[in-house]
Number of protein chains: 2
Amino acid sequence: MGDLLERLRARGWRMTSQRRVVAEVLTGEHVHLTADEVHARAAERLPEIARATVYNTLGELVALGEVVELSTDGRAKRYDPNAHRSHQHLVCTGCGAIRDVRPTGDPLAALPDAERYGFAVSKADVTYRGLCPDCATA
Amino acid sequence: MGDLLERLRARGWRMTSQRRVVAEVLTGEHVHLTADEVHARAAERLPEIARATVYNTLGELVALGEVVELSTDGRAKRYDPNAHRSHQHLVCTGCGAIRDVRPTGDPLAALPDAERYGFAVSKADVTYRGLCPDCATA
DNA sequence: ATCCTACAATGGACGAAGTCCAAGTCAAGA
DNA sequence: TCTTGACTTGGACTTCGTCCATTGTAGGAT
């Protein structure tokens with residue numbers, strides 16, 4: 001994780017202060033931030049960073065496979081820096097909290113050929129939903 | 001399926017021409033329309049129907065469990081009238097086409113208790129992704 | 001160390017998707 | 001048929017994201 005900046009440089013990324021800050025914000029906390037949250041945290045260190053730059057940088061990180069984009073709720077997309085360990089997501093139906101989870105087996109295996117309709121199926125994104133402990137008692 | 005209007009009436013729905021048209025548009029074609037597409041099709045029969053009415057009606061149908069809301073791509077939500085037969089979705093990464101699919105087993109069973117973090121997990125939404133036959137050859 | 005230039009950042013306008021609300025309309029029970 | 005509360009309308013507004021012309025700069029070349 002800590003060598004994200006190394007990997008990016010090795011891939012020919014031009015290293016700007018803006019990109020560095022965005023990458024650091026993402027890897028600093030293992031939570032699932034929205035683009036605006038990333039922008040807010042980045043702006044604490046680099047006050048004049050533009051929203052468009054954050055969007056661009058996030059898009060590049062996603063394209064490079066360093067970050068996973070989630071749209072669990074039809075609202076703002078969230079960015080998950082935990083891209084190198086395959087996992088799924090558990091979302092609270094009350095407060096929207098998100099946890100990374102690792103189900104057993106390969107979710108793809110549950111889809112028989114007869115249900116693939118000729119698609120070259122390459123991945124399965126699973127969103128488990130339910131009330132988190134805090135919301136259950138509240 | 002055809003008795004959706006019956007069920008709605010039985011639940012105390014006030015039956016207006018707008019609601020009838022929206023319900024008919026959804027059940028008429030077994031595809032996954034966006035709210036704007038539903039509005040466009042409804043407007044063919046009822047030209048002055050408001051967008052807000054379509055949104056309201058779709059929201060009510062979802063709340064009643066008659067329709068399932070999908071946000072597979074972070075763009076416009078889609079509405080799936082096939083709510084009474086449990087299924088998942090297969091989405092083309094090229095063109096966005098969506099098919100209903102039925103994996104084997106219960107996706108929830110793949111999430112061990114140790115991975116539930118105290119959540120009362122109640123459902124699992126699975127999105128399989130891959131290229132459809134048309135996009136694969138193009 | 002300095003220069004060049006292609007790549008990156010800026011910021012403000014724009015667009016898509018969806019929500020809100022005050023005023024008008026109407027379904028259906030009395 | 002009358003009444004009334006639920007429903008619809010349409011336009012303003014919000015949120016999330018994209019676009020683009022201009023300005024800035026990282027990093028290789030000299």
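First the proteins, then the strands, lettered A, B, ... as listed; each starts at 1. Quick caveat: nothing in here was measured; it's all calculated off a predicted structure.
Phosphate proximity of C/dT10 to A/Q18: present, with a side-chain N or O under 4.0 Å from OP1 or OP2. Dashed line: the shortest gap from a side-chain N or O of B/T16 to OP1 or OP2 of D/dT8 is under 4.0 Å. Under 4.0 angstrom from either OP1 or OP2 of D/dC7 there lies at least one side-chain N or O belonging to B/R19.
Residue whose closest nucleotide on DNA chain D sits further toward the 5' end, between A/K77 and B/N56: B/N56. Map B/R78 and B/W13 each onto its nearest nucleotide of DNA chain C; the residue landing nearer the 5' end is B/R78. Residue-to-nucleotide proximity on DNA chain C shows that, of A/E60 and B/A35, the 5′-proximal contact is made by A/E60.
With B/R19 contributing its side chain and B/R14 its backbone, the two residues share a donor-acceptor pair below 3.5 Å.
Proximity note for A/Y55 (side chain, C-beta onward) versus D/dT18, D/dT25, C/dT19: the nearest is D/dT18. Closest to the side chain of A/D36, out of D/dC16, C/dG18, D/dG27, is D/dC16.
One atom, CZ of B/R9, and another, P of C/dA27, lie 12 Å apart when rounded to the nearest Å. For the pair A/H39 NE2 and D/dC16 P, the computed distance is 14 Å after rounding to whole Å. Across the protein-nucleic acid pair, B/E37 atom CD and C/dA16 atom P stand 14 Å apart, rounded to whole Å. Going from atom CG of A/L58 over to atom C1' of D/dT18 covers 14 Å, rounded to whole Å. Computed from coordinates, the A/M15 CE to C/dC7 C1' distance equals 14 Å when rounded to whole Å. What separates CZ of B/R75 from C1' of C/dG18 is a distance of 13 Å, to the nearest Å. Here the C1' atom of nucleotide C/dA8 and the CD atom of A/E48 are 17 Å apart, to the nearest Å. Atom-to-atom, CG of A/L8 to C1' of C/dC7 comes out at 16 Å; the value is rounded to the nearest Å.
Counting non-hydrogen atoms of other residues, nucleotides and ligands closer than 6.0 Å to CZ of B/R75 gives a total of 12 or fewer.
In the interface, the side chain of A/R14 is paired with the base of C/dC7 through a donor and an acceptor atom under 3.5 Å apart. For A/R51 against D/dG17, a side-chain N or O and a base N or O form a donor-acceptor pair under 3.5 Å.
Within the 4.0 angstrom heavy-atom criterion, base atoms lie near B/A52.
Under 4.0 Å is where a charged nitrogen must lie from a carboxylate oxygen, and between A/E66 and A/R7 at least one such pair does.
Residue A/H89 forms a side chain to side chain donor-acceptor pair (under 3.5 Å) with just one option from A/D80, A/T127, A/D125, and that option is A/D80.
Between B/H39 and B/I49 there is a side-chain heavy-atom pair separated by less than 4.5 Å.
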